[in-house]
Structure formats: structure tokens, C-alpha cells
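Heads up: the structure comes next, in C-alpha cells.
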Amino acid sequence: MKINIFILILLFSLSLSAQEVAKSRSGNFALTNATIETVTQGQIQGSLLIRKGKIVDLGENIAIPDDMEVIDCKGLSIYPGMIDGGTQVGLSEVGSIDLTQDANELGDITPHVKALTAVNPNSVIIPVTRTNGVTTVITSPTGGLFPGTAALINLHGYTPAQMYAGFEALVMNFPSARSRGRRDNRSEEDRKKDMDKALKKLNDLWDEAELYGKIAQAHLDGKAASPTFNPEMAALAAAVQGKIPLMIEVNESKDIELAIKWVTDKGLKAIFTGVAEGWRVADQLAAANIPVVTGPVLRTPNRDSDRYDRPYANAGLMAQAGVKVALRTNETENARNLPFNAGFAAAYGMGREAALRAVTINPAEIFGLSEQLGSLEKGKNATLFVCTGDPFEPATQIKYLFIDGYMVPLDSRQIRLYNEFLEREPGLKE
Amino acid sequence: MKKYISFLIYICLIGSMLAQVPTGDLLIKNGTVLTITQGDLQNTDVLIRDGKIAQIGKNLKTPEGVREVDATGMYVMPGIIDAHSHIGISATNESTSPVTAEVWVGDALDPYDIAIYRALAGGVTTSHVMHGSANAIGGQCETIKHRWGLMDPGQMRMEGAPRTIKFALGENPMRVHGIGNGVQPRTRMGVEALFRRAFAEAKAYDEAWQKYRTSQSGGSKTKAEFTPAPAYNIRLETLAGILRGKILIHCHSYRADEILMLMDVCKDFGVQKICFQHVNEGFKVAPELAAFGATASVFSDWWAYKFEVYYSTAYNATILAKNGVVTSINSDSPELNRHLYHEAAKTRRYGQLSENEALAMITLNPAIQLGIDKRVGSLEKGKEADIAIFSAHPLSIYAVPQMTIVDGIVRFDVKKDPSDMRVDINPEEAIPAFQESIGGSRQSHEACMEGVLEQLFLLGN
Amino acid sequence: MLTKSLSRILLVATLVSLWLSMPGGIFAQNAAELAPVTRVLAFTQVNVITAPGQMIEKATVIVRDGLITNVGKDVPIPADARVIEADSLFMYAGFIEALSHTGVPKEKEEQNGSNAQGNARGPQRGPSINPANPPNERAGIQPDRAVKDMLDPEDKSIEEMRQLGFTAAHIVPQGRMLPGSGAIILLGGEAANDMLLKDQSAQYAQFAGANRVYPATVIAIMAKFRELYRQAELARQHEAAYAARPAGMQRPNYDPVLRAFFPVINKQQAIFFHTESSLDAYRAITLQKDLGFPLVLVELKTAQDLLPAIQKHALSVCLTLDLPKDNSKKEIVVDEKLEGTALILAKENAEMYKRQAEALKKHEGQAAAVAAAGIPFSFSTLDMKSRDFSANLQRMHKAGLSEKDLLAALTTNPAKLLGVDAMLGTIEKGKIANMVVMNKKLLEEKAQVRYVVVDGKLYEYDIKERKKGSGGSGEAVKAAGTWSYFANIPGRETEGTLIITGEPGNYSGTISSTQGGGSLDIENVVMDGNVLSFSYSIDGGGQTFNITVEVEIEGDSFEGELTAGQFGSFPMEGERTGKPD
């Protein structure tokens with residue numbers, strides 16, 4: 001029996017008023033008559049079927065199984081959920097209140113702390129973010145040289161484990177020779193010296209971790225006693241041995257060049273993040289085959305002499321040089337602006353198609369999840385949204401949102417405040 | 001004696017004493033003209049003479065010697081007005097006192113700030129450059145035009161624009177003075193008490209001077225009748241200007257309760273014009289704002305960077321507008337001001353305002369709030385020729401500003417835009433240092449608190 | 001004369017008592033000064049540049065009792081004269097600093113800030129003073145101070161400027177917004193009063209905010225200035241009225257700060273405004289237009305931007321004698337083999353190097369541009385490092401400034417600006433005997449000062465080869481040893497020990513302070529001629545501050561500067577207390 005969607009909505013809204021709470025629900029859904037932006041396989045006019053959390057079929061003329069709830073998407077478009085390659089969503093709630101900040105642990109070298117541990121599934125920020133079509137984000141620790149381990153999470157779920165989307169990376173803030181801002185009074189020479197020192201410290205640390213890894217392996221092989229408990233070294237050793245990828249934050253062009261050399265010398269698989277001046281060294285990034293998560297696009301230029309639109313154009317310039325580029329907002333409460341960041345990149349040289357890839361299939365590939373995420377294909381996770389048009393256009397409205405097959409209500413505290421206060425009762429009356 | 005008495009008038013004259021600003025002629029041909037006040041006009045020309053809009057119509061004749069700009073397929077809109085900015089000044093906060101009405105950022109204009117050019121490249125022609133929000137009563141602000149390339153700071157002023165002053169409620173003044181310096185106010189109660197004290201003192205000051213002036217003007221003035229003038233106080237003098245309606249209040253505010261509080265204080269002292277800035281919880285008291293006649297200048301979507309903005313909604317602008325509050329969208333950031341057209345477009349997503357309603361929020365409405373709506377903010381004959389031309393509809397994410405015109409002079413042209421637009425070059429450094437970008441609310445909202453840490457805690461030690 | 005010799009006797013007595021109480025004999029080297037055989041000088045066969053652009057060759061100049069008594073070709077030489085055979089030397093009128101701090105030591109800054117112990121998170125305790133209403137000395141509002149009370153005749157800067165040829169200076173106190181009134185002094189004399197030519201010469205003002213108290217920023221300084229000035233105008237009227245008819249009238253308050261403005265309001269004094277940047281200059285001009293006081297813009301660096309305003313408002317100007325370091329690239333070649341982004345970037349960089357070179361030219365060409373606009377100017381020396389003096393003159397000359405205009409800016413123009421052109425600025429009969437004698441013409445290569453005469457008193461200088469950069473030639477100056485140093489950082493006077501070990505070319509060392517903090521390694525220790533430079537960094541609670549030091553070693557003492565990035569440069573001196581082990 002096909003369930004009429006209108007009755008369903010009616011039932012749904014009734015149950016909403018009864019419970020006063022909108023809940024996600026799983027089910028089998030048929031999204032019909034839609035414009036399907038697959039990202040990887042062009043545009044399809046037709047239907048998309050969701051069962052057990054997966055896209056089980058999509059196409060122009062496919063049969064709609066009887067047990068599916070039909071959602072008529074006439075005039076609407078379906079897009080894969082957008083992926084933000086770098087945020088602090090779930091780790092930070094109110095910017096100025098320290099006790100709501102869980103992204104920055106004390107210490108310069110804390111690779112063993114894990115973002116996933118501290119993700120608050122009930123952060124008010126999460127529904128605000130996903131109602132703009134951002135379904136999946138990297139949430140990342142910040143701070144010292146090795147601030148911890150970042151995780152890819154879906155913006156849905158009641159425990160961090162439920163939210164975990166299958167990718168973790170060790171975060172590293174690459175040492176920098178650049179000025180630390182207005183109060184940095186070091187000369188260029190001084191900065192270079194400090195950089196050399198920092199690099200030496202990094203390499204020494206890396207060697208130690210390698211040694212630790214060897215001893216740990218020898219222990220496993222029964223050839224040595226267990227190494228002293230050293231969670232920092234254990235976490236670093238995993239990266240040395242390539243068991244966990246590195247996400248290396250690096251921004252200034254000279255720093256990027258040094259980071260490329262460092263990664264190449266060590267033979268590491270790494271993802272560069274930030275990469276604000278990637279446009280200056282795009283060819284080298286491409287030659288080294290290092291994928292990049294860059295952003296925010298909406299930011300000020302880094303040098304007074306830079307052309308005003310360099311930040312907008314950076315992603316496109318790197319993509320044109322052959323770098324695999326994903327985007328990030330580097331935001332917390334406004335990761336919801338990911339589609340607009342992508343739109344600006346598109347307008348300033350990247351083109352719409354490449355920009356769309358940079359928030360869908362590219363991050364999925366960079367994070368090794370191209371079988372599950374990033375495009376609308378048979379067998380992939382049903383993490384997607386339905387909207388009235390181009391999701392980069394501000395005027396576009398999001399109509400439905402699915403994460404892992406769950407139909408997630410398009411509700412957030414911001415929307416509830418709108419509904420309550422648009423026509424306030426009482427108004428001006430005493 | 002008159003010389004001192006007419007200090008107020010005299011301050012107003014400063015603008016006109018400065019060097020004249022250059023104006024230009026131009027004919028913008030065949031664009032889609034978004035007038036704001038008179039609808040959208042297809043295939044229409046805009047003729048500019050001497051920096052003013054001389055004519056809007058189809059197939060206008062090109063006067064001799066006037067440069068033509070082909071806007072076929074492009075969108076021509078009024079220059080964008082940012083009602084809250086801190087660009088183009090050397091000092092933002094005098095955070096040593098909770099009341100600093102006497103200071104004036106117009107004294108510290110910096111026409112060499114590259115942020116001015118970058119704002120132009122986002123179609124912004126006018127900025128309301130404000131004192132910071134460290135103090136409950138901060139300093140006076142300045143409305144500037146983005147005349148990039150002129151070296152005299154006086155030429156940045158929008159001559160004749162009304163005087164405005166920055167007030168601030170809530171966490172910032174509480175943090176800086178109550179918590180930081182151990183002086184009142186440390187609470188929102190204290191902030192109200194401070195306003196009432198300041199206004200009451202200003203009123204007494206003004207009365208004393210009125211009385212003195214009257215005594216001086218009546219009868220013959222001989223030496224025997226010399227009466228010493230009341231103590232001159234530039235701070236109270238300025239505050240008296242607010243009470244007389246000569247200076248408009250622009251108040252940094254977030255929470256509903258404090259917004260109501262300031263309206264009550266203003267009512268009690270007869271102050272009628274007030275624009276609430278940021279006003280993240282304005283939506284909660286929109287009917288009260290509308291009834292008072294207060295206006296609102298908001299962020300499109302910033303929230304959660306501190307506790308008093310945690311209960312915010314991106315639908316704020318829509319709710320305010322639908323409740324009859326004149327609402328603008330501002331930047332408070334050298335980043336946001338580069339794409340205010342995009343910030344305005346977000347009202348299309350959050351509340352589905354019409355295109356014209358959205359555009360008014362960055363043109364006519366801020367002009368009303370700054371008291372310059374008779375001169376700028378829409379494309380009408382006789383208004384000043386501050387114009388932005390876009391490749392697509394400015395509310396589209398794909399729109400790229402093509403040309404920005406101030407007083408009829410092209411100050412930004414995407415086709416003639418070399419990388420390095422600095423006008424002030426450091427002779428000891430060829431390539432400027434890499435600086436951290438500003439992006440996102442958590443970094444940017446500190447613009448309001450620029451210089452505060454340095455002044456209070458760090459400098460000198 | 002009587003009082004003068006009396007004061008000299010007193011001075012001798014003081015010195016003697018000092019000498020008696022001291023273990024060593026400082027007395028001997030001053031013997032010549034104590035008993036001048038004659039106060040008459042005769043320079044013979046000297047080429048006298050009597051005024052800019054005017055020269056008498058092979059002339060005789062007679063100085064008697066501090067005055068020039070004769071200048072000319074056939075001048076008889078008095079029998080009681082000390083004759084100085086100055087054949088082939090060049091004599092100029094002594095140079096005048098139009099504004100400086102010469103002879104005025106930097107003062108200690110008060111430390112009782114509201115949050116002296118605070119941190120960026122904000123302390124919880126109340127302030128010891130209210131930052132909104134600080135005492136005047138903390139606010140830097142001290143126009144009632146007079147620089148003559150601060151003048152220290154022993155201050156090293158006096159000799160430093162004198163040996164460059166400066167013989168008179170318009171000095172002002174150090175400080176912040178309104179440091180005090182200035183004085184015109186002669187750069188020689190045993191006691192401050194001996195040196196004083198004119199007291200209460202001007203008011204000095206700066207856009208220098210107070211430290212964490214009101215007025216901290218330029219906007220508050222502007223407001224405060226307007227308020228003070230208007231209050232002073234009212235106070236002056238009140239005082240005048242009260243003086244005329246006190247009966248029945250409220251007594252005026254005695255406010256020394258406001259009273260200090262009275263001479264300015266009466267247009268008897270100008271305000272010399274420190275305005276390095278064009279923006280500062282515009283701000284000072286705004287105040288001048290608001291309030292109507294006589295204004296002199298001081299220490300201008302790029303007055304080209306201001307020429308219309310200067311001419312329109314008929315302002316007096318003092319240009320800086322400081323110039324930016326020249327680290328520009330002389331030749332920029334773009335490698336045309338590059339392609340893509342690399343080529344674009346190379347071109348962009350080349351353009352920026354070009355713009356930097358132009359900016360440098362603008363600084364060097366300031367004086368020439370102002371001269372070309374027909375605006376008379378003087379030189380202020382607030383920022384100039386004395387060792388850069390002659391090089392900077394050369395650079396300005398190369399950028400188009402004529403020798404005549406340059407000389408006028410060092411002599412006649414400042415004399416006129418300061419209202420002392422009847423006494424100073426030229427070599428004429430009747431003027432004060434202030435002159436400088438050089439081995440070559442001022443702008444010639446290797447021109448050096450041989451004699452300086454201040455107030456009729458002769459100072460003689462040996463011609464010395466500049467040691468910096470002289471490489472291996474001559475006796476190498478050694479840096480190694482233990483040094484005690486003193487760094488004059490306002491509010492943070494620092495003393496301590498500097499230990500340098502190693503050999504030329506391979507120095508290293510440590511530095512420590514009596515204020516604690518342990519001993520820090522110094523880096524980049526380089527000796528170039530007699531110039532020692534090194535750097536070190538201080539960890540200031542998570543922030544690293546890098547300090548660079550550059551000092552000139554003379555025997556067992558050094559003098560120079562410590563630079564702490566944007567916080568500025570501060571004088572530093574030291575004595576060698578121990579030889580290397």
C-alpha cells in the first residue's frame with residue numbers, strides 16, 4: 001500500500017503537536033519526479049529509492065516498491081549531503097565561554113586526545129547546520145603542534161558512535177615561519193630561525209615516535225618487553241606507520257613548500273588543510289599529489305598587497321592546477337554557510353560543477369569514503385537532501401533531509417524562534 | 001564669548017571646512033536598474049553629471065565628453081551602505097572609561113586602509129565607521145564614502161551626514177569596566193544607571209549653559225558684569241547634543257531586556273531617534289521597537305560567539321521587517337563588508353523576503369538609519385551617484401561586482417584591478433607579511449573590541 | 001660676568017669636594033676647562049660659509065667672550081687670541097636642532113597601572129587608580145612642566161650632537177600627550193642655566209596615548225586637546241576679568257595645566273606637534289583649524305602628501321633627519337623562463353620591489369620636494385640616530401636637495417623659526433660664537449668635523465676613520481669579556497650582565513638582568529668594525545619578544561641601542577668589567 005504523503009504529513013504534524021518534538025525516523029522512502037544531481041553521473045530526472053539507510057536505486061523509470069513512502073519531489077532537486085572538511089561542530093558551543101570549549105587541550109603535543117570523545121550530539125548548533133544541507137563534517141581539535149585526532153561525523157545521532165562517519169585523522173599544525181600577527185616583533189630572519197628550530201623539534205619527535213613504534217612492534221612479535229606507557233608516542237607512531245592519515249594545517253606559501261618537502265621526505269600520506277596561499281604554490285601541490293581541504297572561502301586576503309579576490313579564487317586556482325580540493329568553513333556555529341562558501345568559489349573561477357564536487361565527492365574521496373558518501377549512486381548511504389533549486393543560491397529552500405536513511409526533521413532552535421516570534425502573542429498588549 | 005558657546009555648530013562645520021571632493025560624469029548604458037524605490041527597470045540607462053544622478057531612462061543621449069559604461073546584461077544598483085563598520089580608522093576604542101562621548105573616530109580617519117578598497121570591490125560605497133563597544137557610551141562615529149585614492153582623511157567624510165554616537169549594552173562594557181577595571185557597570189542594572197546619570201548630568205550642564213548664555217545676551221556687557229562661564233566639559237556638551245536630537249544613537253545591543261531598557265531611558269529623556277545595532281534578540285521585541293520608531297541594523301546570521309547571542313535566529317531580519325521595523329544588514333567586519341549583497345540575500349533563505357526587501361536592507365534602510373536617505377540609498381534623479389554594477393542579480397551567489405562608482409567617479413573596476421592596490425607603502429618592506437585571515441563571526445566580532453586588550457592589559461608590560 | 005665667574009667658582013668647589021670624596025682622580029682631565037687661558041679665538045685662513053650660499057675664502061674669524069667679533073679677509077689677530085690655523089678648512093654656522101630631546105634623559109614611567117599585574121583575561125581586583133580619571137602625570141598632560149628643569153648638562157646626547165656640528169637645540173621634555181614647554185639651549189656649558197638661551201620657547205604635543213589610562217588613543221587625545229584648550233580660553237578670560245576687578249567676583253581656580261596654554265592662546269608660543277605620519281599631521285592641522293593656535297609640524301617623514309595643506313594654512317614645518325633603512329633591491333629581473341603562476345608571482349613581486357624603492361625615494365626626496373614647493377623648513381632630530389647623520393644628508397642631497405637649502409634647514413631656517421635669528425644661524429659680527437669647522441665641505445665624501453665652537457668655547461675633534469665595516473684593517477676591536485649594561489627602557493630600566501665569549505667571527509654569549517629571569521643565550525653575535533650586534537628573545541607568557549642590540553664599542557665601554565620590535569628602540573650603554581678568561 002502506498003501511503004499518501006499528504007496524509008503522512010498530516011499524521012506527522014499531528015504527532016508533532018502531540019509530542020511538541022520533531023523526531024527523526026527511519027523508513028523506506030521513494031523520492032519521485034525529482035531532478036537528481038548525482039554529482040558523479042550527471043543529472044537524472046526521476047526517482048531515488050531509500051531502504052535500510054542506503055540508496056537502493058535511482059533512475060528515470062524505476063518501479064516504486066509498494067512498501068515505500070512516496071515523497072513527490074516535482075520541481076525539486078536532490079543533492080548528496082554536503083561535507084564540511086573542517087569545523088569544530090559539537091566541540092564548541094558558546095565562543096566566549098571557556099567551559100563550553102572542548103577543541104583545544106592544554107599542551108603542544110596531545111595527539112592521543114580524540115575529538116570524537118567530546119562531540120556533544122545535542123549541541124544546538126547541529127540542527128542549525130544540517131538544515132542548510134550540510135550533513136557531514138570533520139570536527140577537529142585545535143591548538144598546538146599535534147592537537148589530537150579529528151573525526152568525520154554525521155550531523156545526526158544520539159551518541160558520538162552513532163554520529164561517526166568512518167574517518168579519523170591525526171591533526172598537525174605545521175610549524176610556521178610567518179608572523180603571528182600584529183604583536184609579533186620578530187624579524188624575518190628571526191622567524192626563519194624559529195622555524196628551523198621548530199622543524200628540528202618536529203623531526204626529533206617524529207624519530208622518537210618511529211623508535212617507539214619499532215619497540216612496540218618488537219613487543220608484539222615477542223622480541224621485546226612492552227614499551228613504557230606513552231599514549232602520545234603511541235598515537236604518533238600510528239601516524240608514522242601510516243595507520244592513520246595526517247591532516248596538516250599549513251597556510252603561508254613558504255610553509256606549504258616546506259610541508260610538501262617534509263611529507264615527501266617522510267613518504268607520508270597527508271591531507272593539507274587551510275592552504276590559504278595554495279594558489280601561490282598550486283603546481284607544487286599538484287605535483288606532490290597532496291589533496292587539500294581549503295577554506296573558509298569567505299575571508300580577508302592574507303597580505304595587504306594581495307588582490308581582493310584571492311581568498312575566493314584560491315580553491316579554483318588550485319583545482320585548475322590539478323590539486324584535489326575539498327572545502328571547509330573552519331567554522332562552528334556557521335558551518336551552515338558551507339554552500340555559500342562553495343558558491344563564492346564557483347563564482348570566482350572554480351565553476352559550479354567543481355565547487356559542488358569540492359563539498360561532496362572530493363571530500364568523500366579524500367577521506368577514503370567514496371563508496372559510501374559524496375554522490376547519489378546505488379549502494380551509497382542515503383545521506384542527501386531535497387531542495388527547491390541550486391543549494392548554493394541563498395534563495396533556495398531545503399525541503400527534506402536524510403542522513404543514513406533517517407528522515408531528519410527540518411527544525412532547529414532558530415526555526416522554532418522564527419515560528420514563535422514572527423507574530424508574537426501577546427503583541428504590544430500589556 | 002560667542003566663539004565658545006557655538007562650539008556645537010562649529011563641530012558640525014568641520015566637514016565643510018575641508019577640501020572639496022572630486023565628482024564625475026558617466027553614462028551607464030542598458031543595464032537592469034534596481035532602483036529600490038521605483039522598481040526594477042530593464043534595458044535602462046543612468047546618466048551622471050557632476051557626481052549626481054541626472055537622468056534615468058531608456059536610450060539616453062551621451063553628452064559630449066561623458067564616458068560610457070556598457071552594462072548590457074548587468075545589474076545596476078545603489079552603492080551598498082554598511083551601517084556598522086570599523087574600517088578606515090586608526091583607533092576604534094578608547095576603553096579607559098565607561099563614558100567617552102567626547103571622542104570621535106572621525107578624528108582618526110585612515111584613508112590608506114586597504115579594507116576600504118576591498119569594500120569597494122564588494123560594491124560598498126558608504127560605511128558608518130563606528131567607535132567600538134567597550135564603553136556603555138562610546139565615541140562619536142563618522143559616515144564615510146569610499147573615495148579610495150584620496151590622501152586627505154577629510155575627503156573620506158560624507159559631508160553633512162548627521163552626527164551619530166555609539167552606545168553599547170551588555171557583556172562588552174560589563175567585561176571591560178566592571179570585570180576588567182572594577183568600576184561600574186558590572187551588570188545590566190549598572191548600565192542603565194550609568195545612562196540615567198550621564199543624561200541627567202548632561203541635562204543639568206545644558207541648562208547651566210543655557211542660563212549663562214541668556215545672561216550674557218541680555219543687557220549691555222561691561223566688565224563689571226563679567227560672570228564666569230560654567231565649567232566647559234566636552235563630554236557633557238556631546239551628551240547634551242544627544243538630548244537635543246542633534247546626535248543619533250547607534251547602540252550595540254543583543255538581549256531583549258536591555259533593548260527595552262534603553263528605549264525606556266530614551267523615552268524618559270525625550271530622545272526619539274535610536275538605531276539598535278546587532279540587536280540579535282530584536283525579534284523578541286519587534287512590536288516594541290516598531291512602536292517606539294526605533295530601527296535595527298543586524299547581522300545576517302552571526303550567533304553563538306558569546307552567551308548573549310546564543311538565543312539568536314537568522315530569521316531576525318525577517319521578523320523585524322515583517323513587524324514594521326526599518327531593518328538593515330551590516331558587517332561589523334572587514335570580511336563581511338566585502339559581500340553584504342550576499343548577507344542580504346540570506347533573508348531570502350531565512351524568511352523568504354522579496355528581492356527588493358532584501359536589497360533595501362543594504363541600501364535605503366541603512367541610509368534612513370544614518371539620516372542620509374535623501375542623498376543616497378536608491379537610484380533616483382538628483383541623488384548622489386554612488387552605484388554598484390554586478391555581473392548577475394546581486395542576490396545571486398554567482399554575482400560578481402564589476403564596477404563601483406562614488407560621486408560619479410569609478411573607484412573600482414574589476415577590469416582595471418591590479419593585484420596591489422595599496423596607497424601607503426612601507427619603504428623598508430617590499431612584500432607585506434602574511435597575516436591571518438579574518439573569517440567567521442568568532443574572529444570578526446572582536447572588531448568591536450579592537451584595541452581593548454592592548455589598552456587595558458598588555459601595552460607597556 | 002661677576003655672577004658667571006661666581007657660578008664657576010661654585011662649580012669648581014663642587015667638583016673639588018666630589019673629587020675629595022672619590023677614590024679616583026676625575027679631576028685631572030678637566031684641568032683645561034677649569035683655567036681657560038683665554039676666551040679669545042682666532043681662526044685663520046678658513047673658508048667661511050657665512051650664510052647658506054655665501055662664502056669668504058681664506059678669511060679670519062675672531063671670537064671673543066662668546067661672541068663673533070670679526071669676520072673677514074684682512075682682520076688683525078688679537079694678541080690674546082688662541083690662534084687656530086684652519087687653512088683649507090670650512091667653517092659653517094653651528095647647526096641647530098629645530099626640535100629634539102638632546103640633554104633630556106628619558107624619564108621613568110609610573111608603574112601603578114590599573115592592571116599592572118593583570119593578564120589578558122582580566123584581573124578581578126579593583127584598580128589603584130581610576131583609568132578614566134588618572135592624575136595628570138599619568139595621563140601625560142603636563143604642559144606646565146618646563147624642559148629646563150630636566151636638562152642634564154652631563155647627558156651624553158649633548159656631546160653626541162655637538163660632535164656632529166650641532167651647537168644649539170630647541171629641546172622639549174619626553175612624555176606623552178603634552179610633555180611640557182621647551183627651551184632653546186646652546187649645546188655646551190657646565191650647568192643647565194649656562195646653556196639656556198630662551199626658556200618657554202614653545203609647547204610640545206604628541207599623539208602618544210597614556211599607558212592604559214585616559215587618554216589612551218588618538219581619538220581621546222583629540223578630544224582632550226579641544227577640551228583643555230577651550231577651558232584654557234575661558235580660564236584666561238576669567239583671570240583677566242578677575243585681575244581687573246576682583247570684588248564680588250568668584251575667584252578663578254589656579255590650574256597650572258590651563259595656565260600653560262595662555263601663551264599659546266596669546267600667540268606668544270607655538271605648539272610643536274610631533275606628527276611623523278601624514279595622518280598625524282592632518283589631525284594636528286584639524287586641531288589648529290578648530291582652535292586657531294600657532295602650529296609647527298614636527299618630524300615629518302613624507303610631507304609631499306601635505307604640501308597643499310601646509311601652503312594653505314601657512315604652517316611651519318620641521319622635517320625628520322631620520323631615513324628608513326635602504327634594503328631595497330636595486331635591480332629586479334624577472335626570470336622569463338618561469339611560467340604559469342610562478343611567472344605571475346615573479347612579476348608581482350618585481351612590481352612590489354619597485355614600489356618599495358619608490359617609497360624609499362619618497363622619504364629621501366621629502367626635503368627636496370618641500371624646498372621645490374618654496375616652503376622653508378628646518379630639521380627636527382627626535383628620531384635621528386647620530387651615526388646616520390652624514391649619510392642621511394648625503395641621501396637627501398642625492399635625492400635633489402641643494403646644499404644651500406640643506407644648510408639653511410640646519411642654520412638660518414631654524415634660527416628664524418625659533419625667533420633667535422638675531423643671535424644664531426649665520427657667521428656674522430655680533431652673533432653668538434656657534435660654529436662648526438670641517439675638513440671638507442659639508443656634503444663631500446669623508447667630510448668630518450674638526451672643531452666645534454659653542455658659545456665661544458672650543459671643542460676639538462680628531463679625524464677618525466669610521467671603523468664600522470673597515471674589516472681587517474687596523475686593530476680589531478674585541479667584544480669578548482664581561483660587560484655590565486644599562487638599558488633605558490621607560491618604566492623598565494634594566495641593568496644586568498652581558499658575557500661574550502669566543503673569538504672574532506665566532507662569538508657567543510649570555511645576557512642576564514638584575515630583575516631576574518635567569519641568563520639567556522644571545523644569538524647572531526657579530527662584530528663589524530667596532531659595532532657589536534646580537535639578538536635574544538624573551539618569553540613573555542606565551543609570547544616571544546625578540547630583542548636586537550646594536551652598540552658601538554669604544555675601548556671598554558659601549559653605547560648604542562636595544563630594539564624591541566614595534567615597542568621601539570631604547571638607549572643602552574655598558575662598561576667592560578672583566579676581560580675574557
Side-chain angles (χ1 to χ4, degrees), chain B residues 1 3-4 7 10 14 17 19 90-91 93-100 102-105 107-110 112 131 139 151-154 175 179-183 223-224 226 228-229 231-235 418-420 422 425-432 451 453 455-461, chain C residues 109 113-116 118-120 122-127 130-133 211-220 222-223 226-227 230-231 233-234 238 241 244-245 249-250 252 278-279 282-283 286 289-290 305 309 324-325 327-329 348-349 351-353 355-356 358-360 362-363 491:
Chain B
M1 184 53 52
K3 203 166 131 199
Y4 317 106
F7 178 53
Y10 148 82
I14 288 177
M17 288 162 65
S90 312
N93 270 298
E94 173 64 34
S95 61
T96 53
S97 170
V99 183
T100 55
E102 70 283 7
V103 311
W104 177 36
V105 298
D107 274 335
L109 295 179
D110 174 6
Y112 319 144
H131 189 272
M151 299 301 271
D152 178 347
R175 179 152 59 107
I179 298 169
N181 281 341
V183 298
K223 271 183 186 167
F226 182 88
Y232 177 75
N233 185 309
I234 190 170
R235 181 175 294 168
S419 274
D420 183 6
R422 292 172 299 157
I425 311 284
N426 180 349
E428 292 185 344
E429 176 192 73
I431 301 181
L453 286 183
Q455 275 173 51
L456 290 182
F457 307 123
L458 294 173
L459 258 192
N461 270 295
Chain C
E109 177 121 356
S114 59
N115 294 303
N119 57 37
Q124 297 295 317
R125 62 186 183 80
N130 182 355
N133 192 20
N211 186 3
R212 296 175 315 209
V213 299
Y214 192 92
T217 57
V218 60
I219 46 179
M222 294 286 283
R226 289 191 182 101
E227 178 170 86
R230 295 188 178 282
Q231 286 175 339
E233 285 178 319
L234 292 173
H238 191 174
R245 201 185 172 102
M249 193 185 296
Q250 204 185 328
S278 303
L279 294 180
Y282 276 117
R283 288 163 195 160
T286 300
K289 280 191 294 186
D290 290 3
D305 305 334
K325 264 192 202 146
N327 55 14
S328 62
K329 283 197 182 176
E348 272 183 15
N349 285 355
E351 189 59 31
M352 281 194 274
Y353 279 112
R355 299 196 73 190
Q356 181 203 6
E358 282 163 11
L360 188 70
K362 186 174 175 183
H363 282 255

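Each chain gets a letter, A, B and so on, in the order its sequence line appears, and its residues count up from 1.
Take C/Glu227 and apply the side chain to side chain contact (heavy atoms under 4.5 Å, CB included) test, not counting sequence neighbours, and it matches B/Tyr232, B/Asn233, B/Ile234, C/Lys224, C/Gln231. For B/Ala91, the side chain to side chain contact (heavy atoms under 4.5 Å, CB included) partners at least two apart in sequence or on another chain are C/Thr217, C/Val218, C/Ile219.
Looking at C/Tyr353, the atoms closer than 4.5 Å to chain B (heavy atoms on both sides) sit in the backbone and in the side chain alike. Heavy atoms of C/Arg355 lying under 4.5 Å from chain B belong to its backbone as well as its side chain. Heavy atoms closer than 4.5 Å to chain B are found in the side chain of C/His363, but not in its backbone.
Between C/Asp305 and C/Lys362 there is a salt bridge, since a side-chain N of the basic residue sits under 4.0 Å from a carboxylate O of the acidic one.
By number of non-hydrogen pairs under 4.5 angstrom with chain C, the leading residue of B/Ala108, B/Gly139, B/Ser97 is B/Ala108.
A donor-acceptor contact closer than 3.5 angstrom links the side chains of C/Glu348 and B/Ser419.
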